[in-house]
Amino acid sequence: MTENVINLHKPTDPPTGENAPTVLTVVPDPAPARPVPLWVRSGRAIKRAATDEGTKTVVRAVARHGLYTFNGGRIVARRTWDGRTGARYERMIRAAEAAGNLEVAEEWEERLQRFRQARHHRRMDLLHSPVEAAKGVAVGTGMGVGVLVALGVVMAINTKRPADVITPLAATIDFIATVIRIVQIVWGPALTIAPFLALLALWSVGAHQKAAPSWSMPEHQRSSDGEPITPSIVVKALRDLGVPALRSAIKEMGDAGASMLGPIRIAGCGVEVDVTLPSGVSTIEVQNRRRKLAENLTRHEHEVFITIPEAARTVRLWVADSGALDEPIGPSPLVTDETATADYKKGKAPWGQDLRGDAAQLSLFQRHLLVTGLSNQGKTASLRALALWAALDKTVEFRIADLKGVGDWGMFDGLASVLIQGPTDDDVVDATWMVEDALDEMNRRIGVRQQDPKAVFNPLVVIVDEAQVAFMCPVKDDQKNPYGGSKATSRYFMAVRRIHNQGRAVDVLMWQGTQDPTDQNLPKLVREGAHTRASLALGTEQQARMALGDKAVDGGAAPHLLRQGLDKGTLVVASDGIAVPAGQASITVRTHYIDDDAAKAICERAKALRAGITTLRAVDQREERDALADILSVLGDAPRLFTQDVLKRLAVLSEDAYGAWTFGDLKGAMEAYGEEPRKSHGRMAIHRDHVLRAIAMRDDEGSASASE
């Protein structure tokens, strides 16, 4: 029979065999976990208590009020020292010397001398004051006793009682004794309470000055959003800017560093202050640290603008209220006022608001316009807003080429005499013909003006949106001249350039909108020909210089610091047609946004002012003529011919092509190939050899282009 054995111990090698007992091994439970030591539990509890929000609040409160009292004592001590000594005057002298203002330094030195003289007189007076005081007390006491005795005599005569002679004197003595007893009673508690009252006074001074670090403040006060800009904050921000010379100068000035600051003025949705930099600190050093300055002022970079006013060694800081630039500015007056009209010559277009919150209005009279920026930043909307205002003047004619072709200018159908919409090469060709027709109109007007200097013309506004498409177009005409490009053979480039040169005099204006400017898609001569240059957000400072020019950027214009996607419709404008603060080269404008529906409504009002206009979808392209071949033909066999005679013969050859030509057109046709008219016997003439060389050069360029 098999024996069952329960082994309660750790089994050894079990027996083997047929009769081996069945061994049931009971495995004991694992050892219980060791208890957590008390010091570990206490540490965890302390950690939880230390990280608890309530504990943090208590610690911050204790630290805050303690520092209020301590720093309040420092402030009172400093004020007392300043009042008793000439420390304040000495700081002012150092501040004026650091700023290079010697006249102010001399003035403060004179004040210091007067203060020292007055203090000397006061100290000398103290030497004689005990004797004078004793004499005064003796005389006063004697007179007082005499008065009291005299009063007693009067009372004794009145009451017929001799004892009343000393009654006033006795009453006075009793009153003095009573006051002494009151003082004896109050003196002890007053001595006990006085230190607490003194601490309370110091705490009040520190609390009023917020003399505690920001980490100890309550949550709503620790937030940097909306922190007001004060002189001390501006001085500290400049001191911590990382300019050694500026930091040293402010350190020498002490608290008088605020003497660098002009008055802090409310300016729209922010404040404005002029800072006169100490000697040895240049304005560019501050401009190049815009982000750090903004952070020191508890603002974002886009909320601080640094410009250079007229005063030497001065920067003008405009600091926005926190978050104010992210708020919309409201609708355009063109939308809210259905009776609004326009006057191209004397009026100004309501474009938006400047940073001060004032209305930003732009004069369009005889000014070429360029608006540029990165894609999808509001370029078309800002350009179209100006056109919508000008459309309310019925004398203004529009010829528009939208080389984006998505309908942004579709509401001008029936209002513009030419409307081209599309991004293709054919659309660029039509746009080029449109600009060249405007050039012909300009030349015609110049001819009329030469005959009648008082002639007046209706304004003709030629708008090309997405002009970079035209400049980058590779298509060439039958004479191998490219439509795009930036060479003298480029048809679009040369037409725009000639309108820039002479168009404003006869009210033929060129408005262009282009994106992401480079030397290839926005040639230098074209961008510098615009009287009004405006830029939305850009990628680099180099692009900003292309868009606005070196003068504007050196003066503080910074479209490259605008936030892409967030600052849509915000433009930096360089123009004499808008009110720019004195001494500045540019102004930042937040433009009104006019949506498509509102734009259509404004265009309908503009159409009602005009007779019916038939809008052309394309420009009739005239027969192509070879200008050089025609010039050679009118020369005939003559070795040279005066330019006036050449122009007359060309007009006879083709009135449509050459009837409006001027000397500039004739010169340009030859300059494109390295030749130009020369003087002969004191008059400008065209030489046959020069024309032949120009034709040969053109043919060589055409052959080279074909081989490529």
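What you are looking at is a predicted structure, and each value in this text was computed from that prediction instead of being measured.
- The distance from the OG1 atom of Thr588 to the CG atom of Leu355 is 5.0 Å, given to the nearest 0.5 Å.
- Between Lys524 and Glu528 there is a salt bridge, with a side-chain nitrogen of the basic residue lying less than 4.0 Å from a carboxylate oxygen of the acidic one.
- A tilted orientation is assigned to the rings of Trp409 and Phe412, their planes being inclined by 30° to 60°.
- The cationic group of Arg384 does not satisfy the cation-pi geometry with Trp389, failing either the under 6.0 Å distance to the six-membered ring centre or the 45° limit from the ring axis.
- A tilted orientation is assigned to the rings of His368 and His500, their planes being inclined by 30° to 60°.
- With values rounded to the nearest 0.5 angstrom, Leu562 atom CG is found 8.0 Å from Leu538 atom CG.
- Arg533 places no side-chain N or O within 3.5 Å of a backbone atom of Val572 that could act as its donor or acceptor partner.
- Under the 6.0 Å distance and 45° angle rule, Arg290 counts as a cation-pi partner of Phe305.
- The existence of a salt bridge linking Arg444 and Glu441 is confirmed by a sub-4.0 Å separation between a basic side-chain nitrogen and an acidic carboxylate oxygen.
- Residues Asp519 and Arg527 are paired through a salt bridge, judged by an N-O separation under 4.0 Å between the basic side chain and the carboxylate.
- Using a 4.0 Å cut-off between a side-chain N of Lys or Arg and a carboxylate O of Asp or Glu, Asp465 and Lys379 qualify as a salt bridge.
- In the model, Asp665 has no side-chain atom that pairs as donor or acceptor with a side-chain atom of Tyr658 under 3.5 Å.
- Put simply, the side chain of Asp567 gets close to the backbone of Arg563: a donor and an acceptor are under 3.5 Å apart.
- Here Arg545 pairs with Asp554 in a salt bridge; the nearest charged N to carboxylate O distance falls below 4.0 Å.
- A salt bridge is defined here as a Lys NZ or Arg NE, NH1 or NH2 lying under 4.0 Å from an Asp or Glu carboxylate O, and Arg491 with Glu436 meets this definition.
- For the residue pair Glu466 / Gln468, a side-chain donor-acceptor distance below 3.5 Å is found, with atom types taken as modelled.
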